[in-house]
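So the structure is just underneath, and the comments pick up after that.
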Amino acid sequence: MSASISGAAVVAGVVGSPVRHSLSPLIHNAWIAAAGLDAAYVPFAPAEARFADFVNGLRGGAVRGLNVTLPFKEQALALADRASDRAWDAGAANLLVFEHDGQVFADNTDGLGLLAAFAEQAPRFDPTAAPVVILGAGGAARGAAAAFKAAGAPEVRIVNRTPARAEAICEALGERAEAFPLERAAAAFAGAGAVINATSAGLSGDGGLDVPLAATPETAVVMDMVYKPLRTGFLQAAAALGRPSVDGLAMLIGQAVPSFEAFFGAAPPAGVDVRALALKTLGDVERI
Ligand code: NDP
C-alpha cells in the first residue's frame, strides 16, 4: 500500500478462501510502496457460494483486478468474458482484470511464474533438453504442463494418484505427453530433465509424497510448488540426493510480476527484496 492513498487510488487484490495466509498482499504492497504508486492491494475472502456474485459485483469497475487462489481458480475462468490461451490451456485463472466496459478478462500467470523460478534458481536448466515430469493433475499441474510444452519440452509426463485425471491432461496436451499412475513414478523419472511436485501433498508439513526420486538422473532439477513449508520433505529428499532444486516461493513471486504489470501498468520496481520479506513471514531464513 502506498504511504498515502488518494481518492484516485488504483485498487487490486487477491481472492481466496481462506486468504488470510496469502503472501500476495505483502509482495504487491512492497512493490507499490517502493514505486510510490497511489494504489492498494487487499485480500478478499467472500463466502464460497457467493464467489460469482462477488466477481460480477466488481464489473462496475471499483477494483482494477484480482489474483485468484484456491478454491476459485476454475470458477474465475468460467465467469470471465474473455481469456488468454494460457488460461484456457490451464483450465483455470489466477488473474482477473476488470475492463472499463464491464467485461472481465481472465489470464493465468502461474506458468510464467514457474518458468521464471527455473530461470532464477536453476539457470542451467534447458526445458528443450529432456522430458519434464509433473506430479499431480489439478489446475497447477495442467498449467505447468502447458507452460513446459510451450517452452519446447520434448515430452511431458504426468504422474497422478488418480490416473484418469493424468490421462485427461495428456489428451488435452496432444502429442508428446504420457500419463503414469503414481505407482509407476520411477518409470516416469527415467531420463527426466525436471520433476515438479504440483500436488498439494507436503502442504503445511503433512506426510508429503513418497516417490523414488533416486530414479531421476543426477542432473534432474527437482521443484516443489508447495512453499509452506519452504523446505518440503520433497525438496529435502532432492537435496539429500544432491539434485538441484527450485522452490515454490520463487514461482509465487514469478507469477506476481506479470500480475502487477496487469494491475498497475508497469513492471515492479527493482531493488525490493520481496523474497526476503516473504521468508521473514514464512519463518524460513534461506532456501536449500
Ligand atoms: P488441486 O487440488 O487442483 O490438485 C491437487 C493434486 O494433488 C491432485 O492431482 C491430487 O491427486 C494430488 N494430491 C493431493 N494429495 C495427494 C497425496 N497425498 N498423494 C498424492 N497426490 C495427492 O490443486 P492445485 O493444482 O490448484 O494446486 C496444487 C498445489 O500447487 C497446491 O499445493 C498449491 O498451493 C500449489 N500451487 C503453488 C503455486 C505457487 O505459486 N507456488 C501456484 C499454484 C499452485 P488426485 O487427482 O488423485 O486427487
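As the structure is a computational prediction, the values presented were derived from the model and not from experiment. Counting starts at 1 for both ligands and their atoms, in listed order. Sequential numbering from 1 along the given sequence is applied to the chain's residues.
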Classify the contact between [X] and ligand 1 as side chain, backbone, both or neither, using a heavy-atom distance cut-off of under 4.0 Å.
X    : value
L209 : side chain
L249 : neither
R165 : side chain
A198 : backbone

Residue pair A130 / G191: nearest heavy atoms and the distance that separates them =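 Result for this residue pair: CB-O, 3.6 Å.
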For the rings on F148 and F118, is their centre-to-centre separation under 6.0 Å?
->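 Centroid separation for F148 and F118: below 6.0 Å.
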Is there a donor-acceptor pair closer than 3.5 Å between any side-chain N or O of [X] and the backbone N or O of [Y]?
X   : Y    : answer
N94 : N67  : no
R86 : L112 : no
R59 : G102 : yes

Distance under 4.0 Å to a non-hydrogen atom of [X]: what atoms of ligand 1 satisfy this?
X    : answer
Y227 : 41 (N)
L70  : 26 (O)
T162 : 45 (P), 46 (O), 47 (O)
K73  : 43 (C)
A137 : 9 (O)
V226 : 32 (O)
G136 : 9 (O)
G248 : 39 (C), 41 (N)

Consider every N or O of [X] and every N or O of ligand 1, then say whether any pair is closer than 3.5 Å.
X    : result
R161 : yes
L182 : no
M225 : yes

I27 and L277, any side-chain heavy atoms less than 4.5 Å apart =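 The answer is no; the side chains never approach within 4.5 Å.
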Can you tell if the side chain of V226 reaches within under 4.5 Å of the side chain of F234, non-hydrogen atoms only?
->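 No, their side chains stay 4.5 Å or more apart.
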Of the listed options D210, T199, D247, closest to atom 6 (C) of ligand 1 (non-hydrogen atoms) |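 Among D210, T199, D247, the closest heavy atom to atom 6 (C) of ligand 1 comes from T199.
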Which one of A90, S200, P71 has a non-hydrogen atom at the shortest distance from atom 31 (C) of ligand 1?
->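 Among A90, S200, P71, the closest heavy atom to atom 31 (C) of ligand 1 belongs to S200.
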Are any of the side-chain nitrogens in D89 or K149 under 4.0 Å away from the carboxylate oxygens of its partner?
->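 Judged by the 4.0 Å cut-off on N to carboxylate O distance, D89 and K149 do not form a salt bridge.
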